[in-house]
Amino acid sequence: MTGRHLAGGLSGLVMCVLVAGCAQTTAVVDPAYSRLSFGYLNSGMAELGRLYLIDTKAKTITEIGTVPVSQTARGEPASYAARQVSDLGVTLNGSVAAANVSKSAVEAAVEAKVGRTAELRLDDYFDMSYSALDADITTALRAQAAKMAAGDGSGWEIDTVLRNPDLIYLLVFRTYAARSAVFALNGVSTAGATADVVDVGNLKVEVKLSGDSTTTWTGSGRPAVVEYVAFRPRLEKGPGGTEHLRFRRYGVRVPEKLSETLRTGMR
C-alpha cells in the first residue's frame with residue numbers, strides 16, 4: 001500500500017482522539033519465523049541441514065546438530081513476491097475495552113488485517129535442497145547409533161525420543177537465498193515504524209513493526225526462507241529378533257504452530 005493510504009490511516013488515528021467513544025492502542029508485529037506458502041522466514045539464520053528437536057507438547061525447540069548433505073539440488077534463479085503470509089506475532093500494548101472483545105480476539109483481527117498486506121520480495125533467488133533426503137537421514141541416524149553403541153553418546157537423544165511420542169526431529173531440507181529479500185507490511189519494511197492502522201470495533205490499533213525485526217536479507221550467503229521436514233526414529237526387528245534403527249516421515253507432521261514455537265520456545 002502506498003504512503004498516501006498509510007497517511008490516511010494515521011490521520012484517522014489522530015481524529016480518533018477528538019471523537020467521543022473512540023479509543024486507541026498500539027500493536028507490535030514481529031514477523032520473525034512467519035509462515036509463507038512455501039516455507040518460513042529464516043529469522044534464526046538457519047542453513048541447509050540444520051537439525052532441531054521439538055517437544056510438541058511443551059512447545060520447545062533445541063538445535064541438536066546437522067544432517068550432512070551428500071549432494072544438493074539447486075534451482076534456477078528467479079524473482080518472486082510472496083503475499084501469503086500468516087502466523088505473524090502480534091502483541092498489544094494498552095487496553096482493548098473499547099473493542100468489546102478479548103485481547104486475543106483483537107490480536108487475531110490485527111494479524112488477519114496486516115497479514116493481507118504482508119509481502120516478502122525475493123530478487124534473484126535460488127533454492128537448494130537435498131538430492132537424496134531419505135538416504136542422508138538414514139546415514140546420519142546410523143552414525144548416531146554407532147556413536148551410542150561405542151558408548152560415546154548421541155546429541156540426538158535418540159533413546160529419549162523413542163520413548164516420548166511428543167518429541168520429533170525437525171530438519172531444514174530446503175533453503176531459498178536471494179541477492180535481495182525484503183519483508184514489508186503495507187509497504188513498510190523499517191523496524192519500529194508504523195505500518196498500518198486497524199479498526200476493531202471502536203478501537204483504533206496503530207500497528208508497528210517490531211524494533212527487533214529482521215526485514216532484509218542481502219547476498220546469497222544466508223537464506224531468507226527455509227522449509228522443514230519432520231521425522232521420528234523407530235526400531236525395527238529383523239531376522240533373529242535383531243533391532244535396527246530406522247526413521248519415519250509418514251504421519252510425522254511439522255507442528256501447526258511452528259512459528260510460535262520458533263519465536264518463543266528456542267532453547
Inset, instruction - Following the transitive rule for hydrophobic clusters with a side-chain heavy-atom cut-off under 4.5 Å over Ile, Leu, Val, Met, Phe, Trp and Tyr, establish whether Phe38 and Val85 coincide in one cluster. - result: yes

Legend entry - Straight-line distance of Asp30 CG to Lys208 NZ, nearest 0.5 Å: 15.5 Å

Inset, instruction - Please examine the side chains of Thr139 and Pro68, heavy atoms only from C-beta on, and report whether any two atoms are closer than 4.5 Å. - result: no

Legend entry - Transitive ILVMFWY side-chain link Leu258 to Phe231, under 4.5 Å: no

Legend entry - Common cluster, Leu235/Val252, ILVMFWY with side-chain heavy-atom separation under 4.5 Å: no

Legend entry - Side-chain heavy atoms of Pro77 within contact of Tyr125, under 4.5 Å: no

Inset, instruction - Hey, could you give me the OH/CD distance between Tyr52 and Glu63, rounded to the nearest 0.5 Å? - result: 5.5 Å

Legend entry - Approximate separation, where rounding is to 0.5 Å, of Leu92 CG and Lys103 NZ: 6.0 Å

Inset, instruction - Mind listing the closest non-hydrogen atom pair of Tyr130 and Gly49 along with its distance? - result: OH-CA, 3.0 Å

Inset, instruction - Would you confirm whether Thr72, through its side chain, and Met128, through its main-chain N or O, come within 3.5 Å as a donor-acceptor pair? - result: no

Inset, instruction - Could you check if a side-chain atom of Thr261 sits within less than 4.5 angstrom of a side-chain atom of Pro255, using non-hydrogen atoms only? - result: no

Inset, instruction - State, to 0.1 Å, how close Gly75 and Phe126 come at their nearest heavy-atom pair, and which atoms those are. - result: O-CB, 3.7 Å

Inset, instruction - Compare all side-chain heavy atoms of Val254 with those of Val229 and state whether any distance is below 4.5 angstrom. - result: no

Inset, instruction - Enter the distance from Tyr80:OH to Asp123:CG here, rounded to the nearest 0.5 Å. - result: 13.5 Å

Legend entry - Asp55 side chain to Lys59 backbone, donor-acceptor under 3.5 Å: no

Inset, instruction - Give a yes or no answer on whether the side chain of Thr190 reaches the backbone of Ala193 with a donor-acceptor pair at less than 3.5 Å. - result: no

Inset, instruction - Applying side-chain hydrogen bond (donor to acceptor under 3.5 Å, both in side chains), name anything that partners Asp134, two or more places apart in sequence or on another chain. - result: Arg249

Inset, instruction - Would you check if Asp87 and Ser34 make a side-chain contact, meaning some heavy-atom pair closer than 4.5 Å? - result: no

Inset, instruction - Give a yes or no on this: more than 12 heavy atoms of other residues, nucleotides or ligands lie within 6.0 Å of atom CD of Glu236. - result: yes

Legend entry - Carboxylate-amine/guanidinium proximity below 4.0 Å for Glu260 and Arg35: no

In residues 156-178, what donor-acceptor pairs under 3.5 Å come from side-chain atoms, sequence neighbours left out?
unit_1	atom_1	unit_2	atom_2	d
Asn164	OD1	Asp166	N	2.9
Tyr169	OH	Trp156	O	2.8
Arg174	NH1	Glu227	OE2	3.4
Tyr176	OH	Glu227	OE2	2.5

Legend entry - Which atom of Leu122 lies closest to which atom of Ala224, heavy atoms considered: CD2-CB, 4.1 Å

Inset, instruction - Please lay out, stage by stage, how Asp136 and Ser70 fare under the test side-chain hydrogen bond (donor to acceptor under 3.5 Å, both in side chains). - result: CA-CA 7 Å; Asp136 287 349; Ser70 61; 2.8 Å; yes

Inset, instruction - Following the transitive rule for hydrophobic clusters with a side-chain heavy-atom cut-off under 4.5 Å over Ile, Leu, Val, Met, Phe, Trp and Tyr, establish whether Val207 and Leu41 coincide in one cluster. - result: yes

Legend entry - Single-linkage hydrophobic cluster Leu88~Val106, side-chain heavy atoms < 4.5 angstrom: yes

Legend entry - Nearest non-hydrogen partners of Val28 and Leu209, listed with the distance: CG1-C, 4.4 Å

Legend entry - Aromatic ring proximity Tyr33/Tyr40, centre distance under 6.0 Å: no

Legend entry - Interatomic distance, Leu48 atom CG to Ser129 atom OG [nearest 0.5 angstrom]: 7.5 Å

Legend entry - Heavy-atom closest pair, residues Ala32 and Ser43: CA-OG, 3.1 Å

Legend entry - Non-hydrogen side-chain atoms of Val29 and Ser210 separated by less than 4.5 Å: no

Inset, instruction - Kindly determine whether Ile61 and Leu53 satisfy side-chain contact (heavy atoms from CB on, under 4.5 Å), including the steps that lead there. - result: CA-CA 6 Å; Ile61 180 169; Leu53 179 62; over 6 Å; no

Legend entry - Any side-chain heavy-atom pair of Ser79 and Asp124 under 4.5 Å: yes

Inset, instruction - Please round to the nearest 0.5 Å and tell me the distance separating atom CD of Glu111 and atom CZ of Arg116. - result: 11.0 Å

Inset, instruction - Decide yes or no for Val182 and Leu120: does some side-chain heavy atom of the first lie under 4.5 Å from some side-chain heavy atom of the second? - result: no

Inset, instruction - Inspect the surroundings of CZ in Arg234 and state if more than 12 heavy atoms from other residues, nucleotides or ligands are less than 6.0 Å away. - result: yes

Inset, instruction - Look at the side chain of Ser37 and the backbone N and O of Gln84, then say whether any donor-acceptor pair between them is shorter than 3.5 Å. - result: no

Inset, instruction - Indicate yes or no for a side-chain donor-acceptor contact from Asn186 to the backbone of Thr117 under 3.5 Å, with no hydrogens or angles considered. - result: no

Inset, instruction - Would you name the heavy atoms of Ala27 and Val205 that are closest together and state the gap between them? - result: CB-CG1, 3.5 Å

Inset, instruction - Any chance you could lay out the side-chain contact (heavy atoms from CB on, under 4.5 Å) test for Arg248 and Arg246, step after step, and finish with the verdict? - result: CA-CA 7 Å; Arg248 66 180 175 92; Arg246 300 284 189 268; over 6 Å; no

Legend entry - Note: Asp196-Lys113 ion pair, threshold 4.0 Å (strictly below): yes

